[in-house]
Structure formats: C-alpha cells, structure tokens
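All of these numbers come straight from a predicted model, not from anything done at the bench. Numbers here are sequence positions counted from 1.
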Amino acid sequence: MRKIYADNAATTKPSANVISVMLANMREFYGNPSSLHTVGQEAAEILEKAREEAAALIGAEAREITFTSGGSESDNQAIISAAKFGEKKGKRHIVSTAFEHHAVLHTLDQLKKEGFEITLVDVGESGIVDPKAIEDAIREDTALVSVMYANNEIGTVQPIKEIGQICREKKVIFHTDAVQAFGHIEIDVKRDNIDMLSLSAHKFHGPKGVGLLYAKRGIPLQNIIHGGAQERGKRAGTENLAGIVGMLQAMKDSAEKIDEHRDVLLPKRDRLIEGLSEIPHSSLNGDLEKRLPGNVSMCFEGIEGESLLLLLDDRGIEASSGSACTSGSLDPSHVLLAIGRIHEIAHGSLRLSIDESITDEDIEYMIKNIREVVEYLRSISPLWGEKVRGEREFIL
C-alpha cells in the first residue's frame, strides 16, 4: 500500500545529513562540554562553534543564543523572562493573539495567575494578525508582545517585520514563535525587528528534543531549569551536543535550499487546495496566499475529523486534524475557533503538511482518497442526511 507522510507540521523525518553528523559526533566527541580535560574541551569547542554558526543563520550574535530542548521550552523561557524583566519596571501587561501555540497560551495563563494582565488580539477569518490591532493593544505598562511567525495549524504567515517595528517604536520587547516558519521563510532577527525568537529542530528535518532561544543582547533571561551553570548560567543541564550539531546541520541545509524547496512545494500545495476545494461544502482555513508553502488546512462539513484521519490512515495517508500537541483532546481546535469556525465545522478539520518528498502522484492520490472518505462519512451520517433533505441548513 502507498504510504504518504503528510504531517510535517507535527514533526519531520531527520535527514540523512543530520543523522550522519549526529552519529559522528556521538562517536568522537562524547565529552561533557563543562569538563576541563581535553575530551571535554573538544566538546566545548564544537558547542561554541555551533552557537556561532546557528546565530549567523538568523542574523544574531553567538552570545544571544541559548540552546534548549525545543520550542516549548524556548517559548516558556522567552515569555517568562520578558514578563519578569518588565515587572521590575512596573510593567505587568502582555499582548499576544488568540491562536498562538499552547506553549505560549498556557505560559500566559500561568502569568495571569501571578497577576499579569493578558490581552489576546483577534486574528479574524484570514488568520492574519493586523499590526494595527497589536499597536492599539499596547499600553504604557506593556512588557511584551508575542506573535507567532507562522501558525502551526492553518499555516498563515504573519506580518512579523511590521509588528516588530511597532514594538521597537513603542520600546516593547517582541517575541515570535518561529517554530513552523524556519526552513520555509528566510529569517533575520535584525531585519525583522525581533527581540526574542524560538526554534525547534524537529520541524525542519533535525532531531527531536533540541531547539534554541534567541534573546537580544540586553534582555536578561530568567532561569526555568535550575542546576548547573551551563549556557552562561541561564539553562541548567548538560548540553545535548549531538542534538545541537544535528540541529545546526538541519538549519544549514534548510537555509541553503529554502528557495528550491519553496518552488517545489508551492504548485503541489496549490493543486492540493484546488482539488480538495472541489469537494462540496468544504472550505480552506486561513488566507490562500499568505501561508506556508507546504500547509493545507481544510474543513469539511458533516464529518468528524477523527474518523477522517483513521480512514485516511487505512489508505496510507498520514495527516492530522490540527496540532499534534492537542491530538488527545476532544475539544475543537482553538485556532479554528479563533478564525471564526463554529464548533460543528471545526470538528471536521484536516491538516496536510507536505514536504519536498511528496510527488505529484501522491497529491492526486490524496485528493482522490480524501474525496472518497468524505463522501463515505457523509453517507453514514444522520445529520448529513437531514441537511441533504433540507431539514437542516448547510453552513459551508
């Protein structure tokens, strides 16, 4: 049976280059970078060289990079650090959006319990944040603005440079969760007016369990992991050196081929959207143009997303209905609710996130089989029968 992996927004397959570099590192440079002996100092040298190269790939300085376990930790540390830094100046207000990743939203919930005031800006049907709405939400006591670079479910790309410029003018720290964006969009923290940025290696063909946090010089980091003095005393725990060099290799490969991959993905993504949009009573989630080149997010009226995923998996199509971090939840996606989807429609969502390994034949196979599965699920749905008979109104 054909196997099509279309869940790259959840995680990507580590590349052969990444695996090769990691294996070589584990074999040859197994020392603890904090040790003073030769083996440890060899590891320390590799660690600092990786920091310099990773920083250069996003337009930062080496001392502005902290290696972490991934996007969630980076988001947590960035938001908590900026909040505590602002609190010292009497600023206890934070601006974000209603469709951020839960690593951001749940951290904001915790800060709210500590007395911070949180403003979540609406994003509207397009899934694009209006910079003016961010500007209007900023107050004299605003410590931080956090807006994701690209949404993890619907793939919409945000006007980060414009939002960053507003924050720069108002002297407010600007953080962006760029976990989904890196590898698809060229990122330069200085050009984009970004003060803090989160990355996770497994989203761009690197290993799981490693990421980085960029924090502009002058922004003090708050420890969220306590212990040793690693990472300039701001992130305890022996560094995952093999993971870090693997992430660096993935960053290099992604940066080198970013235009090539975009050119490959865009026509396939657009054909997938075109084919799935021909299914009656379906709708694309988010803006058609301002979205990641490999993201297709659809809603199909009259079906449950979980049933759709299971039946597609039987046909060799591996996809998701939204964020992998909330796949165990029965609640509809908060992202889809944020862009105005009602519960009934949000429950019938499908996210396909493709990479350059997907062929044109794979695209046609997905269109054909998704159409057939949607038709089947509707045929056994009493609710759909009522809509067809005119006893209930269609929504899409």
If every non-hydrogen atom of [X] is compared with every non-hydrogen atom of [Y], which pair is closest and at what distance?
X      : Y      : result
Ala181 : Ile187 : CB-CD1, 4.3 Å
Phe29  : Ile46  : CG-CD1, 3.2 Å
Val172 : Asp195 : O-OD2, 3.7 Å
Phe99  : Ala338 : CB-CB, 3.9 Å
Ser297 : Glu153 : CB-O, 3.7 Å
Arg232 : Ile65  : NH1-O, 3.1 Å

I'd like to know if [X] and [Y] make a salt bridge, using a cut-off of under 4.0 Å between side-chain N and carboxylate O.
X      : Y      : value
Glu301 : Arg378 : no
Arg271 : Glu364 : yes
Glu61  : Arg217 : yes
Lys190 : Asp188 : no
Glu140 : Lys91  : no
Glu278 : Arg371 : yes
Arg139 : Glu117 : yes
Lys112 : Asp109 : no

Pairwise side-chain contact, [X] with [Y], heavy-atom cut-off 4.5 Å (strictly under):
X      : Y      : value
Val264 : His261 : no
Leu350 : Ile370 : yes
Leu199 : Met251 : yes
Met366 : Ile358 : yes

message: Is the terminal nitrogen or CZ of Lys89 (NZ for Lys, CZ for Arg) located under 6.0 angstrom from the six-membered ring centre of Phe85 and within 45° of that ring's axis?
response: yes
query: Taking the six-membered ring of Tyr365 as reference, does the NZ or CZ atom of Arg2 fall below 6.0 Å from its centre and within a 45° cone about the axis?
result: yes
message: Classify the ring geometry of His281 against Phe394: parallel below 30°, tilted from 30° to 60°, perpendicular beyond 60°.
response: parallel
- request: Mark yes when over 12 heavy atoms from residues, nucleotides or ligands other than Lys387 sit less than 6.0 Å from its NZ; otherwise mark no.
  value: yes
message: With a 6.0 Å cut-off (strictly less than), is the heavy-atom count around CG of Leu36, excluding the residue itself, greater than 12?
response: no
message: Here's a test for you: under salt bridge (charged side-chain N to carboxylate O under 4.0 Å, His left out), which of Glu231, Glu64, Glu45 qualifies with Arg51?
response: Glu231
With a 3.5 Å cut-off and sequence neighbours excluded, list the donor-acceptor pairs that the side chains of residues 37-44 form with protein atoms.
from  : atom 1 : to    : atom 2 : distance (Å)
His37 : ND1    : Gly40 : N      : 3.0
Gln41 : NE2    : Ser35 : O      : 2.6

field: Separation between CG of Asp7 and CZ of Arg351, rounded to the nearest 0.5 Å
entry: 5.5 Å
- prompt: Mind checking what makes salt bridge (Lys or Arg N to Asp or Glu O under 4.0 Å) contact with Arg191, not counting sequence neighbours?
  reply: none
